[in-house]
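Remember, predicted model here, so these are calculated numbers, not experimental data.
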Amino acid sequence: MNRKYKYVLPLISFIVLAGLQISGLTAFAQGPGQRLPLPPIPIKGDTTHTLSKHFTTASAAKKAPDAKGFIQRWLVLEPVKKDIVRNNIFTDNYLRTAFSADNFSGDYTTVPKNGETVKVGNQELKWYALDSKAFNVNLYHFTYALNKPKYGILVWLVTVIDCPEEIQNVRMAAGCNSGSMWWLNGQEALLLSGDRDMIADNGTSARLTLKKGKNIIRGAVINGPGMANFCIRFLDEKGLPVKNLSISYE
């Protein structure tokens, strides 16, 4: 064998094996979920900063989930600026402490008003009632459109879902980038810690009951560098999307 290839081939094999190991570790860390296509981030030359590119203003009429059951209507609070230089600090304890300290309300069943301004620490922040044009809610696009900080942020979210009848044994399924926590009717439902990619159904809750009438979902998404976005839906006992509900912001 040519001496040149004698040394090159083992090197190539090592690189390929290392790549496979890294991919395997990443998949294991993320857990189960679906990688659905995401819309592109704004290009550097885009200076329009408009919400209408990726969102529409939510109307008074109730909205159904999308075809796959994803909830696209949310009250979104302007970002709480956080000093975060890396995302691997998002342990369970870190997230619980951060969400408790930088909270707009200790009442987890409160529903803010569209356009209302609240104070978090020394920051005055405004609520927006929006429908995402995609299955996910891209908070990078949201903060970019408002010309607000895009990195090192904590964003609060609230939505109201109305069920025509009680639905038992459902699971809340979420994906986010990077860490997040979710409550249903004032009770903690799901915590996604660590440095995650936004993968649909990356985490699922224990069995929950959606009561007849209004149910309030509250969420908090936190991110340092990189993209920040999330998606939420409910899955029934068979793992199928729950679509027999309507969504509003009040």
Atom pair CG/CD1 of Leu154 and Ile222 - distance to nearest 0.5 Å
4.5 Å

Determine whether a donor-acceptor pair (N or O, by modelled atom type, separation under 3.5 Å) exists between the side chain of Asn223 and the backbone of Gly226.
yes

Find out whether the Lys NZ or Arg CZ of Arg218 is both under 6.0 angstrom from the six-membered ring centre of Trp156 and within 45° of the ring's axis.
yes

Donor-acceptor contacts, no H, no angles, side chain residues 240-250, under 3.5 Å, sequence neighbours left out:
from	atom 1	to	atom 2	distance (Å)
Lys243	NZ	Ala67	O	3.1
Ser248	OG	Glu250	O	3.0

For residues 165-173, which side-chain N or O atoms pair as donor and acceptor with protein atoms under 3.5 Å away, sequence neighbours left out?
from	atom 1	to	atom 2	distance (Å)
Glu166	OE2	Gln168	NE2	2.7
Asn169	ND2	Glu237	OE2	3.2
Arg171	NH1	Ser205	O	3.0

Might you confirm whether atom CD of Glu124 has over 12 heavy atoms from other residues, nucleotides or ligands at distances under 6.0 Å?
yes

Among Thr159, Val137, Asp66, Leu157, exactly one meets side-chain contact (heavy atoms from CB on, under 4.5 Å) together with Ile71. Which residue is that?
Thr159

Could you list the residues that satisfy ring pair (Phe, Tyr, Trp, His ring centres under 6.0 Å) with Phe142, not counting sequence neighbours?
Tyr128

Between Ser100 and Thr97 (side chain of the first, backbone of the second, donor and acceptor by atom type, cut-off under 3.5 Å), is there such a pair?
no

Side chains of Leu192 and Met181: closer than 4.5 Å at any heavy-atom pair?
no

Give the ring-plane orientation class for Trp127 versus Phe104, where under 30° counts as parallel, over 60° as perpendicular and anything between as tilted.
perpendicular

Quick one: CG on Leu139 to CE on Met198, what's the gap to the nearest 0.5 Å?
10.5 Å

With rounding to the nearest 0.5 Å, note down the distance linking CG in Asn177 to CG in Asn87.
7.0 Å

Please name all residues satisfying salt bridge (Lys or Arg N to Asp or Glu O under 4.0 Å) with Asp92, sequence neighbours left out, ordered by chain then number.
none

Could you tell me whether the side chains of Asp107 and Ser105 share a donor-acceptor contact shorter than 3.5 Å?
no

Any chance the side chains of Asn229 and Asn136 put a donor and an acceptor closer than 3.5 Å?
yes

Distance, nearest 0.5 Å, that separates OG1 of Thr110 from CD1 of Ile216:
7.5 Å

Reported OG-to-CG distance for the pair Ser59 and Asp131, which is rounded to 0.5 angstrom:
6.5 Å

Heavy-atom closest contact (Ser193 atom, Phe90 atom, distance):
CB-O, 3.2 Å

Within this structure, what is the NZ-NE2 distance for the pair Lys133 and His54, rounded to the nearest 0.5 Å?
8.5 Å

Contacts table for residues 112-122: side-chain donor-acceptor under 3.5 angstrom, sequence neighbours left out:
from	atom 1	to	atom 2	distance (Å)
Asn114	OD1	Ala129	N	3.0
Glu116	OE1	Lys113	N	2.8

Using the benzene-type ring in the case of Trp, are the ring centres of Trp74 and Phe230 under 6.0 Å apart?
yes

For Lys211, side chain to side chain contact (heavy atoms under 4.5 Å, CB included) partners two or more places apart:
Asn185, Asn215

Lys82, NZ: over 12 other non-hydrogen atoms inside 6.0 angstrom
yes

Look only at the side chain of Glu78 and the backbone of Lys126, and say whether a donor-acceptor pair between them is shorter than 3.5 Å.
yes

